[in-house]
2 protein chains.
Amino acid sequence: MVDKKNSRDTLIEAASRLFRLRGYYGVGLNEIIEESGIPKGSLYYYFPKGKEELAIEAINHTKEMVISKIQEVFERIEDPIEAMQALIYQLSEVIGESDHKLGMPIGTIASENYSTSEPIRIACQLAFEDWQSLYKKKLISSGYSEKQSKEVSIIVNALIEGGILLSITSKSGKPLQVIAEQMPLLLIKK
Amino acid sequence: MVDKKNSRDTLIEAASRLFRLRGYYGVGLNEIIEESGIPKGSLYYYFPKGKEELAIEAINHTKEMVISKIQEVFERIEDPIEAMQALIYQLSEVIGESDHKLGMPIGTIASENYSTSEPIRIACQLAFEDWQSLYKKKLISSGYSEKQSKEVSIIVNALIEGGILLSITSKSGKPLQVIAEQMPLLLIKK
DNA sequence: GTCTATAAGACGATAGAC
DNA sequence: GTCTATCGTCTTATAGAC
């Protein structure tokens, strides 16, 4: 098992990477098949409904990548404030690099398609909800109330999405750094 | 002066509206000329460099619309916490409406183009900076320190952008409402 | 399952009449 | 300044050979 991934996964990974960079409409199928090396016929064999179906799989792939990253940091760092700060600092460092290929994980696709493709909108909504569940679980297990945990998880998600947007737009990790530094304020136990 | 706007402004307004809905790559020039009623020849007369040039003008137009809205609320409400809460509540109400045409004001274009068009990226960056300047000015005039005002203005901007994204994706004003409610925590004077 | 060739239409952009 | 017709390219999608 050296380099042998199946065509389906190869396509999903290429699509996930490209959609993060330029969004749904900014990437054509031709670019995805070129990047992945999989011919167009195979794409339509695995994703008969075409681009929209591939995009939904790409969104789910990106969602799982982010879940893994969050879980890894949360298992390593017990304190919820420190853990979330570490997560955001990591993001700021990646974006600080000159030619990162991060983009907003799914924010771009979500904002392009919220009014045009209901299946894509729902896939994005589920991703946001799953991430928020992880934040919430971490907070509850650290003694925060159900209500505050839920609210803070929304705030943290919004701060990360907004922070990534500001950081990629300004080509600087600074906005995310400032956000990480202010995290303790949000997490005052009530 | 009843209904007579010049072709240039009509094009910019139509482009601004459509780009907010589906982003830069999600909207074609054909749709913009159809929506505006201005023929393609005129578009290239006013914007010789084509779509990118029109997009930059549309971004600046959207920027000014947002500036007006912020200034209006800030002049009406003196307390900075209450003012920012009012701003965000207003947003949540608009998005709660079934067929709003809000979208992320410029976040979608920014995230699509941060790696592909430097002129567009810079126009978006300037918009974010201008909005943050208004938040900062409000805070300073209410007695917050220079440092805290600057940092909070970034947080507020990130929260609004992220909150709009979560609200349009979930088709609910709830995320923005939660954000508005938690504003006081961020604005504890240090 | 894999791949090529191509269809049908939308895209951004341009030429040139008026 | 205004408008139409059109160019070449790229788009999503399909047909059909292997």
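Naming: A, B, ... by sequence-line order, numbering from 1 per chain. The analysis underlying the following values was restricted to heavy atoms, covering all of them including side chains, and did not include hydrogens, waters or symmetry mates. In this text, all values refer to a predicted model and were calculated from it rather than measured experimentally.
Under a cutoff of 6.0 Å and an axis angle of 45°, B:K51 and B:Y24 form a cation-pi pair.
Residues passing the salt bridge (Lys or Arg N to Asp or Glu O under 4.0 Å) test with A:K49, sequence neighbours excluded: none. Judged as a salt bridge (Lys or Arg N to Asp or Glu O under 4.0 Å), and not counting sequence neighbours, the contacts of A:E31 are A:R22. Shown here are the salt bridge (Lys or Arg N to Asp or Glu O under 4.0 Å) partners of B:K63, two or more places apart in sequence or in another chain: B:D130. Annotation: side-chain hydrogen bond (donor to acceptor under 3.5 Å, both in side chains) contacts of A:E78 (sequence neighbours excluded): none. Take A:E34 and apply the side chain to side chain contact (heavy atoms under 4.5 Å, CB included) test, not counting sequence neighbours, and it matches no residue. Legend: residues meeting side chain to side chain contact (heavy atoms under 4.5 Å, CB included) with A:E64, ordered by chain and number and at least two apart, are A:I67. Listed by chain and residue number, nothing satisfies the ring pair (Phe, Tyr, Trp, His ring centres under 6.0 Å) test with B:H61 (two or more places apart in sequence, or in another chain).
Nearest approach of A:L176 to A:I160, heavy atoms of both residues: CD2-O, 4.3 Å. Taking all atoms of both residues into account, the shortest heavy-atom contact from A:L43 to A:L11 is CA-CD1, 3.7 Å.
The rotation axes computed at either terminus of the helix from C:dG1-D:dC18 to C:dC18-D:dG1 lie 10° apart, taking five pairs at each end and rounding to 10 degrees.
Only at 4.0 angstrom or more do the heavy atoms of residues 25-33 of chain A sit from any atom of DNA chain C, so none qualifies. Listed by residue number, B:K40, B:Y44, B:G50 are the residues of residues 34-50 of chain B with a heavy-atom contact under 4.0 Å to DNA chain C.
With no hydrogens or angles considered, a side-chain donor-acceptor pair links B:Y25 and B:N113 at under 3.5 Å.
Chain B approaches DNA chain C over the interval C:dC11 to C:dT14, counting the first and last nucleotide 5' to 3' with an atom under 4.0 Å from its heavy atoms.
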Would you list the atom pairs, donor with acceptor, under 3.5 Å between side chains in residues 82-103 of chain B and any protein atom, with sequence neighbours excluded?
residue: B:Q85; atom: NE2; partner: B:A180; partner atom: O; Å: 2.8
residue: B:S92; atom: OG; partner: B:Y89; partner atom: O; Å: 2.8
residue: B:H100; atom: ND1; partner: B:L102; partner atom: N; Å: 3.2

